[in-house]
Amino acid sequence: MSALVYTVFASREDARAVAAHLLDERLIACANVIGQVEALFEWDGERGSGEEVAVLFKTHADRLDAAVARLEELHPYDTPAILGWPTPVSGSATRDWLAGLAS
């Protein structure tokens, strides 16, 4: 089964550097650096906004917990927002590709 992990970074360079580590460690098969997104948020009781770079990581469900844990370690934010979830439905080619991570 495949899985996805979503997070944001302050810069494209940070996103690429973390993605390279996760690829090197075979925790992900792909990182889609989506690009600039506008963030509207509430933090420490105050409302804020800013520009961030969104990234969607593709992995195998067997690697999901390890990928999220390692992403938390590598992420430059003190408290990064990281969301990971299994994707029970995917194309057969995608399933086969991501299964290579689990072996």
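The first residue in the sequence is number 1, and the count goes up from there.
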Are [X] and [Y] in one and the same hydrophobic cluster, where Ile, Leu, Val, Met, Phe, Trp and Tyr link if side-chain heavy atoms are under 4.5 Å apart?
X     : Y     : value
Leu64 : Ile82 : yes
Val53 : Leu71 : yes
Val33 : Val5  : yes
Val68 : Leu22 : yes

Would you call the rings of Phe57 and Phe9 parallel, tilted or perpendicular, taking 30° and 60° as the class edges? perpendicular
Can you name the side-chain hydrogen bond (donor to acceptor under 3.5 Å, both in side chains) partners of Asp65, sequence neighbours left out? none
Does this structure show an ion pair linking Arg70 with Glu73, if we count only N-O contacts that are shorter than 4.0 Å? yes
Hey, which of Leu27, Leu74, Ile28 is the one that makes side chain to side chain contact (heavy atoms under 4.5 Å, CB included) with His21?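 Passing option: Leu74.
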For [X] against [Y], the heavy-atom pair lying closest together:
X      : Y     : value
Met1   : Pro86 : SD-CB, 3.6 Å
Leu40  : Ser49 : CD2-CB, 3.6 Å
Leu101 : Ala29 : CD1-N, 3.5 Å
Tyr77  : Ala10 : OH-N, 3.1 Å
Ala54  : Val37 : CB-CG1, 3.8 Å
Ala39  : Glu52 : CB-OE1, 3.2 Å

Spacing of [atom1] belonging to [X] relative to [atom2] belonging to [Y], to within rounding of 0.5 Å:
X     : Y     : atom1 : atom2 : value
Leu98 : Arg63 : CG    : CZ    : 11.5 Å
Ser2  : Asp96 : OG    : CG    : 11.0 Å
Leu56 : Asn32 : CG    : CG    : 6.0 Å

Which residues pass the side-chain contact (heavy atoms from CB on, under 4.5 Å) test with Arg95, not counting sequence neighbours?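 Checked Arg95 against side-chain contact (heavy atoms from CB on, under 4.5 Å); matches are Ser90, Ser92.
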Give a yes or no answer on whether the side chain of [X] reaches the backbone of [Y] with a donor-acceptor pair at less than 3.5 Å.
X     : Y     : result
Arg47 : Phe41 : no
Thr59 : Ala3  : no
Tyr6  : Trp85 : no
His75 : Val8  : yes

Partners of Glu72 by salt bridge (Lys or Arg N to Asp or Glu O under 4.0 Å), sequence neighbours excluded? none
Is the CZ atom of Arg16 crowded by more than 12 outside heavy atoms at less than 6.0 Å? no
